[in-house]
Amino acid sequence: DTGARYPKQPLDPVHTIRKFCGSCKTLWLDRLGQISLSVTTLFWGAGAVLQFLVLKWCEHALGMDLSQGAIMQAVVSLGIAVGAVLAATKISLKNSLSVLPMGICMGVLVILMSYYTRDVAPAGGITIFSWTLSWAVLIAAGALILVGVCAGFFVVPMNALLQHRGHVLMSAGRSIAVQNFNENLSILVMLGVYSLLIKLDLSVPGTMLVFGIFFNGIHQYGIMNYVDAFSTPKITKALITTFKYSFITVPLKLVFALFIAYILNFKIACVNVFRTVYYIPSILGGSVAIAVLWKAVFRDDGLVNTLIRMLTFGHFQGPSWLSDPSYALWIICFLRIWQFGSAMVLFLAALKGVPADLYEAATIDGAGKWRQFFSITVPMITPIIFYNLVTQICQAFQEFNGPFIITNGGPRGSTTLISILVYNYAFKSNQMGMASALAWIMFVIVCILTIIAFTSQKKWVYYSDER
């Protein structure tokens with residue numbers, strides 16, 4: 001009797017699945033649980049593939065048959081046992097994360113072995129009892145033992161840490177269930193990738209190189225940064241805030257720029273002066289001085305609240321624009337929308353390129369101004385709308401000056417964009433790996449949105465040279 005007592009669970013599949021998903025989420029959101037679970041999951045997936053790769057590598061590099069290759073697999077197992085014993089005697093649970101660099105060593109060894117063949121080994125060998133072993137086989141066996149030692153020394157402390165965190169956060173049984181599910185799922189996925197590489201006729205050294213690089217990424221400063229990025233509440237909140245900022249500023253900026261350009265397209269007095277005045281915010285908007293001025297205008301005793309007090313004869317103070325999360329992001333967005341000049345100039349050039357005879361024909365047919373705008377003007381300038389859309393999306397995801405200077409990401413992270421986190425991780429926390437991972441995530445997101453825009457343009461963008 002272990003003394004463990006668990007309440008009786010209802011025989012309800014939906015309830016069981018919901019509890020299991022909750023256990024998975026709990027372990028993945030825990031910092032130490034996240035590291036240990038992701039490392040062991042990826043390790044066992046890649047390790048299952050490497051068992052097959054050892055057989056193929058022995059055939060390719062050493063000319064061995066299947067039974068001889070199986071003996072080399074046993075050599076790897078011997079190394080794993082040695083590494084596990086060393087880890088058990090040298091690594092305490094408190095220092096279990098210190099073995100993460102062993103993943104790098106293991107990956108480097110696998111990469112180097114992909115270039116090894118019996119042709120590069122010295123001729124001859126040694127005789128042990130009645131067995132003669134060539135130097136090529138002995139060198140290969142030594143390399144495989146080293147890979148096994150690294151693997152055992154690497155995975156045993158990670159597995160111990162995972163079991164410890166599972167016991168603390170949930171029951172041991174649920175922890176083992178989560179671990180086995182993730183590891184077996186990883187094995188299925190990795191074997192699927194291996195099958196695909198075989199289908200593509202990738203060479204044995206090439207396949208080993210791919211999985212060696214993959215092993216090299218299973219450590220705290222590689223793949224773990226991406227796992228951390230999508231499971232850390234601060235980063236996920238910054239991602240959501242960045243999307244909010246982009247989806248607010250880009251449409252409003254384009255609409256406002258098109259509205260002003262449409263007005264300035266009419267023949268009115270001093271139109272060139274108005275065009276220059278409206279373009280000035282785009283020249284000054286990205287500067288630090290304008291961000292400081294914007295902060296002064298919207299602070300508690302700033303210009304906006306002063307005007308509110310004057311208009312209400314001191315009966316109303318006005319909100320805390322920059323210290324209230326409900327308003328802070330909108331103030332940052334307004335600064336971006338105010339810089340509509342560059343998009344406006346492009347829209348103005350596009351409006352001037354719309355043939356006047358189209359408007360004349362529409363007027364004769366009885367079309368009003370609104371009908372002309374949506375049936376003639378908008379379709380004719382869709383290439384410029386598309387160009388402005390793509391460039392503004394890219395610029396919105398890279399915004400830094402405004403949120404950093406005006407609110408420094410506050411209050412309570414309500415204006416923290418991904419660009420600010422990249423800066424903080426790189427230059428304040430000196431975590432260049434995490435900063436690089438966030439920059440790559442931002443790059444991939446922008447690429448996906450750009451691809452969606454380019455794919456959808458066939459349905460709504462009209463080019464005059466098309467028939």
Side-chain angles (χ1 to χ4, degrees), residues 35-59 61-62 64 66-93 95-114 116 133 137-164 166 176 179-180 182-191 193-194 204 207-220 222-224:
I35 295 173
S36 55
L37 182 57
S38 58
V39 164
T40 53
T41 296
L42 297 173
F43 174 86
W44 287 112
V49 174
L50 286 178
Q51 292 186 43
F52 293 96
L53 272 178
V54 167
L55 297 175
K56 297 295 291 182
W57 176 75
C58 289
E59 178 186 356
L62 303 175
M64 291 181 170
L66 185 61
S67 60
Q68 293 171 326
I71 294 174
M72 299 298 277
Q73 280 187 329
V75 170
V76 180
S77 301
L78 177 63
I80 292 174
V82 172
V85 172
L86 290 174
T89 56
K90 300 294 183 182
I91 304 298
S92 64
L93 186 62
N95 298 324
S96 54
L97 294 181
S98 63
V99 302
L100 288 172
M102 294 300 290
I104 305 175
C105 298
M106 187 164 46
V108 170
L109 285 171
V110 173
I111 292 172
L112 292 176
M113 287 175 61
S114 67
Y116 177 78
L133 300 176
V137 173
L138 289 172
I139 294 173
L144 289 174
I145 288 176
L146 284 176
V147 170
V149 170
C150 291
F153 199 84
F154 175 63
V155 76
V156 168
M158 288 291 99
N159 191 69
L161 178 62
L162 177 59
Q163 295 298 324
H164 170 70
I176 294 172
Q179 179 181 359
N180 289 337
N182 283 274
E183 289 174 357
N184 284 284
L185 180 63
S186 176
I187 290 172
L188 288 174
V189 172
M190 294 297 177
L191 289 176
V193 173
Y194 177 64
V204 173
T207 307
M208 290 188 70
L209 185 64
V210 169
F211 280 93
I213 293 172
F214 182 79
F215 261 124
N216 215 10
I218 307 177
H219 61 98
Q220 188 176 10
I223 270 182
M224 285 311 306

**Request:** Give the C-alpha distance, both sets of side-chain angles, the deciding distance and a yes or no for side-chain contact (heavy atoms from CB on, under 4.5 Å) between N182 and W44.
**Result:** CA-CA 10 Å; N182 283 274; W44 287 112; over 6 Å; no
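Between the CZ atom in F154 and the OG1 atom in T40 there is a gap of 9.0 Å [rounded to 0.5 Å]. Note: L109 CG to C150 SG = 5.5 Å, rounded to the nearest 0.5 Å. Considering CG of L185 and CE of M190, their distance stands at 10.0 Å, rounded to 0.5 Å. Taken to the nearest 0.5 Å, the CG atom of L162 stands 4.5 Å off from the CD atom of Q179.
You'll find the side chain of L62 reaches within 4.5 Å of the side chain of Y116, heavy atoms only. By the 4.5 Å heavy-atom criterion applied to side chains, F153 and V85 are not counted as neighbours. Under the 4.5 Å side-chain criterion, counting only non-hydrogen atoms from C-beta, M102 is not in contact with V149. Looking at heavy atoms from C-beta onward, S36 lies out of side-chain contact with N159 at the 4.5 angstrom threshold. You'll find the side chain of V82 stays beyond 4.5 Å of the side chain of I145, heavy atoms only. Contact annotation: the side chain of L161 approaches that of L97 to within less than 4.5 Å [non-hydrogen atoms, C-beta and beyond]. N95 is not listed as a side-chain neighbour of K90, based on a closest heavy-atom distance of 4.5 Å or more. Within the 4.5 Å cutoff, the side chain of V49 has heavy atoms near those of the L191 side chain.
Between the side chain of N184 and the main chain of N180, a donor-acceptor pair closer than 3.5 Å is present. Although no hydrogens or angles enter the test, the distance criterion places no donor-acceptor pair under 3.5 Å between the side chain of T41 and the main chain of S38.
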Show the atom names and distances, to 0.1 Å, of all donor-acceptor pairs under 3.5 Å that link a side chain in residues 69-77 to residues at least two apart or in another chain.
| unit_1 | atom_1 | unit_2 | atom_2 | d |
| --- | --- | --- | --- | --- |
| Q73 | NE2 | Q51 | O | 2.6 |
| S77 | OG | Q73 | O | 3.3 |

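Closest heavy-atom contact between G152 and P157: O-CD, 4.2 Å.
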